[in-house]
Each structure stands twice: as structure tokens, then as C-alpha cells.
Amino acid sequence: MPTHRKQQEEARDQHSVVDESEAVLRTENVKVTYGDTLALRDVSMDVPKNQVTALIGPSGCGKSTLLRCFNRLNDLIDGCKVEGKVFYRDKNLYSSKIDPVSVRRRIGMVFQKPNPFPKSIYDNITYGAKVNGFKGDMDELVEQSLQRAALWGEVKDKLKENGLSLSGGQQQRLCIARAIALKPEVVLMDEPCSSLDPVSTERVEDLIHELKEDYTIVIVTHNMHQATRVSDFTAFFNAEESDDGSRFGYLVEYDRTERVFEDPQEEATQKYVSGKFG
Amino acid sequence: MTAVTSDDRSEQDVERSDIEKATDRSFIWGTGILAIAVAAVLLWIAAQVATEAMPAIQTIGLDFLTRSTWDPVDDIYGILPAIYGTLISSLIAILLAVPIGLACAIVLSENFLPISIRTPLTFLIELLAAIPSVVYGLWGIYVLIPFIEPIGNWLHDNFGWFPLFSTPYQGPGMLPAGIVLAIMILPILTVIARDSLAALPTNLRWGSYGIGATRWRTIFSVLIPAAFSGIVGGIMLALGRALGETMAVTLVIGNSTDLNFSVLAPSVTISSLLASQFAEASGLQEDALFYAGLILFAITLIVNILAEIIVLRVKKY
Ligand SMILES: Nc1ncnc2c1ncn2[C@@H]1O[C@H](COP(=O)(O)OP(=O)(O)O)[C@@H](O)[C@H]1O
Ligand SMILES: [Mg+2]
């Protein structure tokens with residue numbers, strides 16, 4: 001036991017929680033500002049392949065902001081500036097040669113509030129495929145994606161109905177199906193269960209477990225139980241007051257989920273995961 | 001410790017609720033009466049116009065709608081040319097204004113232009129609505145009609161076989177009227193379409209961009225369909241305005257009561273017919289003009305009902 005502990009300690013000293021060859025996404029000193037306000041500072045972390053990585057922390061600490069750096073969605077926000085490097089398989093996503101639109105086709109995203117398009121369930125799934133120039137069998141793709149999102153059984157008889165007519169939990173699974181219909185490598189999820197009831201939440205969590213075989217998942221969550229249930233790695237972010245009184249977020253601790261929850265190295269993490277947070 | 005007994009409290013309640021009840025009651029009554037008054041005015045006007053039109057309705061009947069002579073000398077009245085003119089001039093206006101207005105709405109609601117350009121642009125477009133319609137009419141006569149002469153000539157020379165362009169360009173007529181109307185309805189159309197696009201949740205845009213859609217794809221496949229009911233509402237309001245617009249049209253359309261299918265020839269709309277003839281009308285002619293007004297009323301009512309139906313049938317986002 002003590003030797004085991006020692007080995008782990010050493011591993012952490014090298015600051016490589018994730019074996020580098022396994023990393024799909026990597027950030028180096030990422031800093032994000034909205035206009036003149038600093039939102040996130042000095043984030044360096046590796047996201048391992050075919051694992052679920054959870055981003056946790058109090059609200060306003062920049063979890064969503066970081067997630068949007070992984071698919072360059074921050075580009076769409078006026079005044080948002082990203083500094084530092086974000087690598088996706090050794091390509092710097094923020095280099096001028098990269099086309100953000102094609103990045104988003106490889107890295108799908110599921111949002112906090114379900115946002116199906118006001119189109120039929122069928123068209124919601126095929127939209128992404130059409131955008132992508134998909135040439136295969138659409139019916140098959142729709143069935144496959146809905147199967148994977150555990151929604152097929154509920155909607156197979158009403159594919160022509162508007163996506164908005166589904167319940168919240170079904171809408172969110174439709175959005176997940178829409179994202180995986182693109183056959184992306186990475187799926188980013190921003191608090192995907194925060195507007196769902198417990199039953200739907202459980203279904204989405206089961207789904208995340210299954211999807212991990214084929215996809216790399218980064219999930220933002222408010223719910224610490226959820227982080228322990230679904231994730232392999234956890235990054236804890238905190239917000240700090242800067243000199244001029246504005247708050248910015250930074251990465252406090254990043255490790256295997258069980259270490260973050262059972263043996264956190266930082267006091268702030270300890271407080272947060274035990275629910276004693278300010 | 002408890003200075004207030006239950007008795008005191010109930011007295012207080014009674015006192016306060018008396019005033020409250022009174023204001024409440026008068027407020028409900030007041031707003032109710034005002035609302036009913038508006039509806040009553042509408043019905044009263046409709047009834048009044050119908051009464052005035054009654055002699056003409058009895059003498060002419062439904063022939064009024066299909067006859068194309070307007071002859072005060074022999075007291076023969078038909079408004080087919082005016083119905084045609086009303087519908088076609090509004091149609092031209094809508095065909096021109098919808099693509100331009102939608103394009104403006106997209107530019108103003110998306111962020112590809114910096115806000116420092118968008119704000120003055122919005123203001124200028126809204127300012128179009130502030131120009132009095134008689135000014136539009138005069139501008140039509142002195143600027144637009146000479147300006148589009150080459151276009152009119154070109155249309156007639158090349159497409160003269162087509163009924164819509166079968167006469168030479170004669171200056172005042174349907175085409176300039178349609179163009180003036182298009183400019184006049186542009187602001188309302190643009191503003192409503194922009195507001196409905198801007199009101200869409202950011203989430204919806206991100207959903208589309210997030211799966212790798214381009215901006216154009218997002219606008220045309222997601223945003224415009226999602227804002228469709230608002231946009232159609234705007235188009236219908238604009239159409240209502242175009243159908244009833246009087247002053248500017250009267251000045252540029254030429255007010256010819258002869259039926260002519262060509263948009264290059266002078267024509268007449270129901271409202272320009274009323275405006276140009278009412279001053280000298282008497283007897284059956286005056287009744288016929290009221291009858292024409294009633295028909296215009298009916299046309300705008302139908303347009304509004306259609307608009308409601310379309311808006312209701314499209315699911316709002
Ligand atoms: N679109 C935006 N425009 C301006 N500031 C923003 C925007 N989105 C987030 N922020 C700011 O960035 C900080 C981090 O926000 P966010 O990433 O949403 O945090 P979290 O997801 O952890 O709650 C907050 O201070 C927030 O006010
Ligand atoms: Mg967030």
C-alpha cells in the first residue's frame with residue numbers, strides 16, 4: 001500500500017495525469033476573455049481518448065467557456081478572445097489554417113437546455129448528416145443514431161412529428177442522437193441533465209456510459225454525484241477574485257475521478273467535493 | 001408581545017380591501033369598456049359603410065365585382081379594374097419587399113456587421129416609415145417614374161407578348177405604384193422579421209453551428225423556419241398596409257378605370273378610386289364608392305384571417 005501510494009505521487013509530480021499518447025484534446029495555457037473581462041486563465045489539461053472527463057466547479061468558473069474552446073463555438077460570441085493552445089490530435093484548433101466549421105463536424109456538442117430544431121424528429125437527425133455531405137442511407141442513420149441515444153423505441157412510430165413535441169428528456173436524447181449522427185470523435189456535453197427529471201437523467205447517464213466505447217466525452221456537470229457516476233477523470237475549477245474585483249476561473253485540480261473525490265490534493269477541491277463550499 | 005389582536009387585523013383588512021376592491025373593480029370595468037369600445041367602433045364603421053352602400057348593392061348586386069366599366073354619366077359601375085389594380089400592385093410590392101426586407105432583417109439580426117454599423121442602419125430603415133405618404137407619392141412622380149422608364153421600355157420591348165407587359169411604358173401606372181408601395185412597407189416587414197429572428201434563443205443557433213453547419217445553412221434551414229410565423233405575420237401586416245395605402249398610390253398609379261392587364265399602363269386601386277372620385281360624387285356614384293370601400297374592407301379582412309391561419313398552423317419555437 002505505501003509503495004503504491006508513492007508511485008501515484010510520483011506520477012502526479014510529472015504532471016501527466018493522462019498518458020500523452022492517449023490524449024485526444026489538449027489545452028496549453030488557455031486564457032479566455034470576454035471583451036475586457038478575464039473569464040478563464042492558465043488551463044492546461046489533457047483529455048484522454050474513450051474516457052469520460054468531467055468538468056466541475058461553482059458556477060461562473062468558466063466550465064462552459066472551456067468546453068466551447070474545444071469546438072471553437074466561442075468564435076460566435078462577440079468580443080470573446082481565446083489565447084493559448086488547444087490541440088486536437090496534434091493540430092492546434094486555433095491556428096489560422098483550421099476551419100472552425102469542420103472542427104465542429106468532428107467534435108459534437110450537446111447543450112444545457114435541449115435545443116432540437118423546429119423540424120421533424122427525422123430531419124433533426126439528418127440535418128447534421130446533410131451538412132456533412134453524408135451519402136449513405138439516411139433511414140439507417142436515423143435508426144442507428146436514435147437506437148444509440150436510447151430513443152428509437154419511443155419515437156419510431158412518429159419520426160415525422162416535430163422534435164419540439166417530445167418531452168424534455170426525450171428532446172435531450174434527440175439532441176444527443178443528432179450529435180452522434182455526425183459520427184464525431186468527441187462529444188462535448190454542457191450540463192446535459194440540468195433541466196431533466198431524475199428518470200431522464202438516469203437514462204442519459206446510462207447512455208454516456210455506453211457512448212464511451214466509441215467516443216471521447218467531456219461533460220460539464222453541477223452535480224457531483226453525477227461526476228462520480230459517469231466520469232473517469234475530473235477537473236475541478238474554481239473562481240477567484242482578481243485585483244479589480246472581477247472573477248475569473250482557473251483549473252485547481254485534475255486527476256482520476258476517484259482521486260479527486262476521495263483524496264483531493266487541494267483544500268478548495270476538498271471543500272467543494274465534500275459540499276462545504278462557500 | 002402581540003399588540004395586534006385578531007379583531008384589529010380583520011378591521012384593517014376590511015378597510016384596505018375596500019379601496020383595493022374599488023380600484024380593482026373600476027380598473028376591470030375601465031379596461032373592459034375601452035376594449036369593447038374599440039370593437040364597437042369597428043362594427044359601427046362597417047355598419048355605416050354597409051348602410052351607405054346599400055342602394056348600390058341593391059341596384060348593382062354582384063355584377064359590381066365582375067364589371068369593368070366605371071361610367072358616372074350612364075350610372076354604370078363595376079370595380080373589376082380596381083380589384084385587379086389593388087391586388088396586383090400589392091403583389092408587386094410584396095414580391096419586391098419580401099426578399100429585400102428579409103435580407104435586411106438577416107443582416108441586422110446576425111453579427112457579421114459590427115454593431116456600430118447595424119444600429120444606424122436599423123435607424124435609417126425605421127425612418128423610412130416616418131416619411132409621409134404624400135412625399136412618397138411626389139417622389140414617385142418626379143423621381144421614380146422617369147427613373148424606371150428604361151426598365152419599363154425594356155420589359156415591353158422584350159416581353160411585350162406577355163399580357164403583363166403588353167402596353168408601352170406610359171409613366172404613371174401599376175409598376176411605379178408597386179415599387180413605391182414596396183418601399184413604404186419595407187420598414188414594417190424588416191423590423192418584424194428582424195425582431196422574430198433576434199428573439200430566437202442563442203441556444204438554437206449554437207445547436208446548428210455546434211454540428212458544423214455554416215452560417216448560411218443555419219440561417220436558411222433553422223433560423224428562418226423557426227421564425228417563420230413572425231415573418232409571415234410581418235408580411236401580412238405589410239400586405240394589409242399595401243392594400244389600403246391611398247395617397248402615394250393615387251399620385252402615381254394614373255387612376256384609369258379601364259381594365260388593362262399590363263403593369264406598364266395606368267391603373268387604379270380601390271383606395272385610389274375612392275380618393276380620386278369621392279369629392280365630386282353624388283347619388284348612385286357615391287353609393288357605389290361606399291360599396292367599393294366595403295369590398296376593400298372585405299379583402300383586408302380575408303388577408304388578415306389568412307394571416308392568422310398561417311401563423312397558427314406553424315408551430316412557434
Ligand atoms: N457570452 C458571454 N459573454 C460575456 N461573458 C460571458 C459569456 N459567457 C460567459 N461569460 C462569463 O464568463 C464567465 C464564465 O462563465 P461560464 O463559462 O458560463 O461559467 P460556468 O459554465 O462554469 O458556469 C462568467 O463570469 C460569465 O459571466
Ligand atoms: Mg455553464
Side-chain angles (χ1 to χ4, degrees), chain A residues 64 67-68 70-80 99-120 123-134 161-165 171 174-184 187-190 195, chain B residues 102 105-122 193-234 309-317:
Chain A
S64 304
L67 205 63
R68 290 196 295 263
F70 290 136
N71 67 348
R72 292 197 54 175
L73 208 57
N74 280 330
D75 291 21
L76 302 172
I77 299 173
D78 284 331
C80 179
D99 171 18
V101 171
S102 59
V103 169
R104 295 184 201 124
R105 292 180 189 172
R106 313 297 305 278
I107 302 180
M109 190 160 190
V110 176
F111 297 82
Q112 182 166 357
K113 223 177 133 250
N115 56 352
F117 303 131
K119 298 172 178 293
S120 70
D123 290 343
N124 260 281
I125 307 288
T126 58
Y127 180 75
K130 282 183 193 149
V131 160
N132 240 330
F134 178 77
E161 267 174 45
N162 197 308
L164 292 168
S165 64
Q171 287 188 12
L174 178 62
C175 292
I176 294 175
R178 181 176 79 185
I180 56 188
L182 284 173
K183 308 204 187 298
V187 179
L188 308 172
M189 299 182 165
D190 193 349
S195 59
Chain B
L102 211 50
I106 289 169
V107 169
L108 297 178
S109 63
E110 287 289 312
N111 59 359
F112 41 65
L113 288 183
I115 193 89
S116 56
I117 298 179
R118 276 184 282 152
T119 312
L121 213 56
T122 310
R194 182 209 54 193
D195 288 350
S196 4
L197 285 171
L200 295 174
T202 321
N203 217 1
L204 185 63
R205 287 159 205 270
W206 284 5
S208 179
Y209 291 127
I211 54 178
T214 56
R215 194 189 277 275
W216 295 113
R217 183 117 202 175
T218 302
I219 292 171
F220 286 104
S221 303
V222 175
L223 300 184
I224 291 183
F228 188 75
S229 62
I231 294 172
V232 169
I309 292 173
I310 294 174
V311 170
L312 280 180
R313 284 185 66 174
V314 177
K315 194 169 167 56
K316 278 202 175 110
Y317 190 76

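Each chain gets a letter, A, B and so on, in the order the sequences are listed, and its residues count up from 1. Heavy-atom basis, side chains included; hydrogens, waters and symmetry copies ignored.
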Counting heavy-atom pairs closer than 4.5 Å to chain A, which one of B/Gly210, B/Gly212, B/Ser208, B/Ala213 comes out on top?
B/Gly212
Please set out all donor-acceptor pairs under 3.5 angstrom arising from side-chain atoms of residues 109-116 of chain B, sequence neighbours excluded.
unit_1	atom_1	unit_2	atom_2	d
B/Ser109	OG	B/Ala105	O	2.9
B/Ser109	OG	B/Ile106	O	3.4
B/Glu110	OE1	B/Arg215	NH1	2.7
B/Glu110	OE2	B/Arg205	NH1	2.5
B/Asn111	OD1	B/Arg215	NH1	3.3
B/Asn111	OD1	B/Arg215	NH2	3.2
B/Asn111	ND2	A/Leu76	O	3.4
B/Asn111	ND2	A/Asp78	OD1	3.2

Taking every heavy-atom pair that is under 4.5 Å apart, which of A/Arg72, A/Arg104, A/Lys130 has the most such pairs with chain B?
A/Arg104
Scored by heavy-atom pairs under 4.5 Å with chain B, the best of A/Val101, A/Asp123, A/Val103 is A/Val101
Can you check whether A/Arg105 reaches A/Asp99 side chain to side chain, under 4.5 Å on heavy atoms?
no
Min side-chain heavy-atom separation B/Trp206-A/Ile77 under 4.5 Å
yes
Please flag which part of A/Ile180 lies under 4.5 Å from any non-hydrogen atom of chain B: side chain, backbone, both or neither.
neither
Between A/Leu188 and chain B, which part of the residue has a heavy atom less than 4.5 Å away: side chain, backbone, both or neither?
neither
From B/Ile231 atom CD1 to B/Asp195 atom CG, the distance as rounded to the nearest 0.5 Å:
11.0 Å
Rounded at 0.5 Å granularity, tell me how far CZ in A/Phe111 sits from CZ in A/Arg68.
9.0 Å
